[in-house]
**Q** 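Mind looking over this structure? Questions follow.
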Amino acid sequence: MLVHPQFDSVAVQIGPIAIHWYGLTYLVAFGLFLWLASLRVGRAPFADCGWTRRDVEDLLFYGVLGVVIGGRLGYVLFYKPGYYAAYPLEAFAVWKGGMSFHGGMLGVFVAMALFARKTGRAFFQVTDFIAPLVPLGLMAGRIGNFINGELWGRAADPALPWAMIFPYFDSLPRHPSPLYQAAGEGLLLFVILWLFSARQRAVGAVSGMFMIGYGTLRFIAEYFREPDHGIFGVSYVVSMGQWLSLPMVLFGLWLLLRKSASR
């Protein structure tokens, strides 16, 4: 049976300055976004609509703000509102971990709306551009979760070859759910969206596919992940992550069908 290596959360220590693995995975995520966006900006229909390298750099700036602010607020409000109401200053301690994808997504929506308004572009044209660029960043973040030994999975059959004990939590064999999510919501979703967006699509279709793909894969992954404490408590039937993913799937279906019908 495998045992989580219990990595030191600090990757590099220089005097009083500590660089955490989780922070490094965010840098990797932003670097991947910049690289993929530079490839995508030269392709139709974006190259034909005046997209430039400067737009990519501005998008990254807006996106970083949306991810960090929205992700942290989402975690505070969706998962531990009682704790942070009692210790409000802890909400700013982002180096201790605690980010919500769904909150980060809402933050990115606000950031992209501001970018679209500034550049005079349609909101869904902007989100169609960034949708295929997001999953590899999510994969990097999940690897960061695994390094930190957090977001452990539900109890697994000890005979499962990759069942893993997370000593920080307990001594039961568990699913290494961060790696499941890195493979599903990260690598697999990237391949789906990159191929889907390679062809000309109605405005909003790629965004809709992202919502459906992420929501579905996250819903499935939650069956292998120990449920989080959320605003509805802890549930092994429908977890907080699943409740937050359902509206994504429904909105994505509506968006995809609506845009397809309007072609």
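By convention here, the first residue in the shown sequence is residue 1. Hydrogens, waters and symmetry mates play no part in the numbers below; they use all other heavy atoms, side chains included.
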**Q** Are Leu257 and Leu250 linked, directly or through other ILVMFWY residues, by side chains that come within less than 4.5 angstrom of each other?
**A**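 No, Leu257 does not connect to Leu250 through the hydrophobic network.
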**Q** With distance as the sole test, does Gln242 use its side chain to make a donor-acceptor pair with the main-chain N or O of Phe219 at under 3.5 Å?
**A**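 Yes; judged by distance alone, with no hydrogens or angles, the pair exists.
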**Q** Return the set of residues passing side-chain hydrogen bond (donor to acceptor under 3.5 Å, both in side chains) with Asp170 (not counting sequence neighbours), or none when no residue passes.
**A**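 Only Arg174 meet the side-chain hydrogen bond (donor to acceptor under 3.5 Å, both in side chains) criterion with Asp170.
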**Q** Is it the case that atom CZ in Phe61 sees more than 12 heavy atoms from other parts of the structure closer than 6.0 Å?
**A**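 It does not: Phe61 CZ has 12 such atoms or fewer within range.
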**Q** Got a donor-acceptor contact below 3.5 angstrom from the His4 side chain to the Gln6 backbone?
**A**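 Checked: pair present.
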**Q** Is it the case that one hydrophobic cluster holds both Met240 and Phe169, taking links as side-chain heavy atoms less than 4.5 Å apart, direct or via other members?
**A**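 Yes, same cluster.
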**Q** Is any side-chain heavy atom of Val206 less than 4.5 Å from a side-chain heavy atom of Pro132?
**A**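 Contact flag for Val206/Pro132 side chains = yes.
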**Q** Looking at every heavy atom in both Gly186 and Met139, which two are closest together, and how far apart are they?
**A**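 Smallest heavy-atom distance, with atoms named: CA-CB, 3.8 Å.
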**Q** Specify the closest pair of heavy atoms between Met211 and Gly252, including all atoms of both residues, with the distance to one decimal.
**A**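 Nearest heavy atoms, Met211 then Gly252: CB-CA, 3.7 Å.
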**Q** Quick one, Pro178 and Ile143 - any side-chain contact, counting heavy atoms below 4.5 Å?
**A**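 With C-beta onward as the side chain, the pair stays apart.
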**Q** Search all heavy atoms of Pro173 against all heavy atoms of Pro158 and return the closest pair with its distance.
**A**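 The answer is CG-CG, 4.0 Å.
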**Q** Are Leu59 and Leu32 connected into the same hydrophobic cluster when the rule is that any two of I, L, V, M, F, W, Y join if their side-chain heavy atoms are below 4.5 Å apart?
**A**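 Yes: a chain of side-chain contacts under 4.5 Å links Leu32 to Leu59.
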**Q** Under a 4.5 Å cut-off applied to non-hydrogen side-chain atoms, are Tyr62 and Lys118 in contact?
**A**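 Sidechains of Lys118 and Tyr62: in contact.
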**Q** Which atom names give the shortest non-hydrogen contact between Ala18 and Gln13, and what distance separates them?
**A**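 Heavy atoms only, the tightest pair is CB-OE1, 3.5 Å.
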**Q** Phe166 vs Phe146 aromatic rings, parallel, tilted or perpendicular, using cut-offs 30° and 60°?
**A**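 Answer is perpendicular, since the angle exceeds 60°.
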**Q** Would you call the rings of Phe129 and Trp51 parallel, tilted or perpendicular, taking 30° and 60° as the class edges?
**A**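 If you compare the ring of Phe129 with that of Trp51, the planes turn out parallel.
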**Q** Could you see if Leu151 belongs to whatever hydrophobic cluster contains Leu172? Use Ile, Leu, Val, Met, Phe, Trp, Tyr and a side-chain cutoff under 4.5 Å.
**A**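 Different hydrophobic clusters.
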**Q** Please say yes or no: joined through hydrophobic side-chain contacts below 4.5 Å, possibly via intermediate residues, are Leu27 and Trp35 part of one cluster?
**A**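 As far as the 4.5 Å side-chain criterion goes, Trp35 and Leu27 are connected within one cluster.
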**Q** Given side chain to side chain contact (heavy atoms under 4.5 Å, CB included), test Leu244 with Phe101 step by step and report yes or no.
**A** CA-CA 10 Å; Leu244 293 172; Phe101 165 80; over 6 Å; no
**Q** Are more than 12 heavy atoms, taken from residues, nucleotides or ligands other than Tyr87, located less than 6.0 Å from that residue's OH atom?
**A**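 Count not over threshold, so no.
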**Q** Please examine the side chains of Val134 and Val108, heavy atoms only from C-beta on, and report whether any two atoms are closer than 4.5 Å.
**A**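 No, too far: nothing below the 4.5 Å cut-off.
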**Q** Quick one: does Thr216's side chain have a donor or acceptor within less than 3.5 Å of a partner on Gly213's backbone?
**A**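 Not confirmed, Thr216 side chain does not pair with Gly213 backbone.
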**Q** Would a distance-only check, ignoring hydrogens and angles, find a side-chain to backbone donor-acceptor pair under 3.5 Å from Asp55 to Thr52?
**A**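 Yes, the answer is positive, given that a donor and an acceptor are paired below the 3.5 Å cut-off.
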**Q** Should the ring pair Phe210 and Tyr214 be called parallel, tilted or perpendicular, given that the plane angle runs from 0 to 90° and is split at 30 and 60?
**A**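 It falls in the parallel class, under 30°.
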**Q** Looking at side-chain heavy atoms only, is the closest gap between Tyr79 and Met99 below 4.5 Å?
**A**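 Heavy-atom side-chain distance check fails, nothing below 4.5 Å.
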**Q** Strictly distance-based, threshold 3.5 Å: is any side-chain N or O of Gln181 a donor or acceptor partner for the main-chain N or O of Ala183?
**A**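 No, Gln181 side chain to Ala183 backbone: no donor-acceptor pair under 3.5 Å.
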**Q** Do Trp162 and Leu160 touch side chain to side chain, with heavy atoms closer than 4.5 Å?
**A**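 SC-SC contact between Trp162 and Leu160 confirmed.
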**Q** Under a 3.5 Å threshold, yes or no: a donor from one side chain and an acceptor from the other, between Ser207 and Asp128?
**A**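 Judged by distance alone, the side chains do pair up.
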**Q** Using side-chain heavy atoms (C-beta onward) and a distance below 4.5 Å, is Tyr84 in contact with Tyr75?
**A**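 Result yes, sub-4.5 Å side-chain heavy-atom pair found.
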**Q** With heavy-atom distances below 4.5 Å as the criterion, would you say the side chains of Arg225 and Tyr180 are in contact?
**A**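 Sidechains of Tyr180 and Arg225: no contact.
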